[in-house]
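This report refers to the structure that appears directly beneath it.
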Amino acid sequence: MKYQKIAVLTGAGISAESGVPVFRSEDGLWEQHRIEDVATYEGFMRDKTMVHNFYNTMRQSLKSKVPNPAHKALTKLQQGLEAKGGKLFLITQNIDDLHEKAGSHDIIHMHGELNNILCESCGARIPFSDNSSVESVCPKCGRKTMRPDIVWFGEMPYRMDEIERCLGECNLFIAVGTSGVVYPAAGFVQICKHLGKPCLEFNLEPSAVHNMFTVSYYGKAGTTLPKFVDYLLAHDDLPSSKEICK
Ligand code: APR
């Protein structure tokens, strides 16, 4: 198999068909809230209770969400590659657990996870499925300094060293359902392109960095990605966009 080590970056678009709202809606709001209120540390300092509740609501609604064919296709790709001695590096900007629910493993959640909570005092990251508040106590240090384990604007994403190694090691890079406006993730395609790796985009429409990609497959990821994965596992070359998007 030609493409044995594949890095995949997923964004909100992959979960859209599972009913998880994307970030950049036309009105510029995220779930009816201004991004600066619910996705910055300053917003959290202004109103901790509102921010806790915002993520509580999302965490609870996630419980009924199920993976769609795009998540399942990536699980199939991971299993297919591993059966042939290859590897899938699955990097997601998403804070949902739909890749896990689809059966994928070793997922890098670079922007944190709804199903974790973070202690500002001791840095503990605790698996969490309940509701948090300013009264929540850290099970490690005992302080009431818990916050959502979400990487907000201006904060450093998780596991960047590891991600750089994955991008260096892969021989194919694929971005799925991401608008390409939030860095550093939006810059991964540039890194891979400069390293001479083919780069593929799966999105509803051209992203902000679409001109960096070798091939783009436009359409719903739940339709295009399963077709692509079936093709890739059976062939040594990449399918044309006509083949996948027809
Ligand atoms: N299939 C494929 N692509 C889709 C689908 C679909 N069914 N539905 C939507 N999309 C595309 C949209 O066209 C858009 O380009 O997915 C992209 C989603 O973009 P954003 O909402 O900007 O999400 P994302 O790129 O993941 O955002 C990055 O920004 O707010 C921060 O930290 C947050 O991780 C998030 C980051």
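Both backbone and side-chain heavy atoms feed into the values below; hydrogens, waters and symmetry mates do not.
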Taking [X] for the side chain and [Y] for the main chain, is one N or O donor matched with an acceptor at less than 3.5 Å?
X      : Y      : value
Tyr55  : Val38  : yes
Lys227 : Ile244 : yes
Asn203 : Tyr218 : no
Thr214 : Cys199 : yes
Ser104 : Glu100 : no
Tyr217 : Pro239 : yes
Thr224 : Gly219 : no
Glu17  : Gly222 : yes
His109 : Thr92  : no
Lys72  : Gly103 : no

Spatial distance of atom [atom1] ([X]) from atom [atom2] ([Y]) [nearest 0.5 Å]:
X      : Y      : atom1 : atom2 : answer
Arg147 : Tyr41  : CZ    : OH    : 7.0 Å
Glu201 : Ile174 : CD    : CD1   : 12.0 Å
Leu62  : Thr57  : CG    : OG1   : 12.0 Å
Glu42  : Phe153 : CD    : CZ    : 12.0 Å
Leu77  : Leu225 : CG    : CG    : 8.0 Å
Glu135 : Lys48  : CD    : NZ    : 11.0 Å

Quick check: are there more than 12 heavy atoms from other residues, nucleotides or ligands sitting under 6.0 Å from [atom1] of [X]?
X     : atom1 : value
Lys63 : NZ    : yes
Lys84 : NZ    : yes
Lys65 : NZ    : yes
Arg46 : CZ    : yes

Kindly give the heavy-atom pair with the smallest separation between [X] and [Y], and that separation in Å.
X      : Y      : value
Thr40  : Gly43  : OG1-N, 3.0 Å
Met156 : Met160 : SD-CG, 4.4 Å
Gly112 : Arg125 : CA-NH2, 4.2 Å
Ile163 : Met110 : CD1-CB, 3.8 Å
Ala39  : Trp152 : O-CB, 3.2 Å
Asn68  : Ser18  : ND2-OG, 3.0 Å

Q: Carefully, step by step, assess Val134 and Thr49 under the rule side chain to side chain contact (heavy atoms under 4.5 Å, CB included).
A: CA-CA 7 Å; Val134 290; Thr49 297; 4.3 Å; yes
Q.
Consider side-chain contact (heavy atoms from CB on, under 4.5 Å). Of Phe173, Phe213, Tyr3, which one does Pro198 pass it with?
A. Tyr3
Q.
So, applying side-chain contact (heavy atoms from CB on, under 4.5 Å) with Gln93, which one of Thr178, Ile108, Val151 is it?
A. Thr178
(Q) Could you check whether any side-chain heavy atom of Ser121 comes within less than 4.5 Å of a side-chain heavy atom of Cys138, counting everything from C-beta outward? (A) no
**Q.** Set of residues satisfying side chain to side chain contact (heavy atoms under 4.5 Å, CB included) with respect to Glu164, sequence neighbours excluded
**A.** none
**Q.** Test side chain to side chain contact (heavy atoms under 4.5 Å, CB included) applied to Phe128 and Arg59, step by step
**A.** CA-CA 9 Å; Phe128 190 78; Arg59 188 179 304 110; 3.7 Å; yes
Q.
With a 4.0 Å cut-off on N to O distance, would you call Asp237 and Lys2 a salt bridge?
A. no
Q | Lys/Arg N to Asp/Glu carboxylate O, Asp230 vs Lys76, below 4.0 Å | A | yes
Quiz question: by atom type and distance under 3.5 Å, do the side chains of [X] and [Y] form a donor-acceptor pair?
X      : Y      : answer
His52  : Ser132 : yes
His99  : Thr10  : yes
His105 : Glu82  : yes

Single-linkage hydrophobic cluster, 4.5 Å side-chain cutoff, [X] and [Y] together:
X      : Y      : answer
Ile6   : Leu238 : yes
Ile14  : Val229 : yes
Ile91  : Tyr183 : yes
Leu9   : Leu90  : no
Ile150 : Val181 : yes

N/O donor to acceptor pairs below 3.5 angstrom from side-chain atoms of residues 185-194, sequence neighbours left out:
none

Q: Mind telling me whether Phe228 and Phe202 have parallel, tilted or perpendicular rings, with 30° and 60° as the class edges?
A: perpendicular
**Q.** Candidate pair Lys5 and Cys166, rule side chain to side chain contact (heavy atoms under 4.5 Å, CB included), full reasoning
**A.** CA-CA 9 Å; Lys5 292 189 175 178; Cys166 298; over 6 Å; no
Q: Test side chain to side chain contact (heavy atoms under 4.5 Å, CB included) on Lys144 and Val137 and set out the steps.
A: CA-CA 4 Å; Lys144 290 182 180 176; Val137 176; 4.0 Å; yes
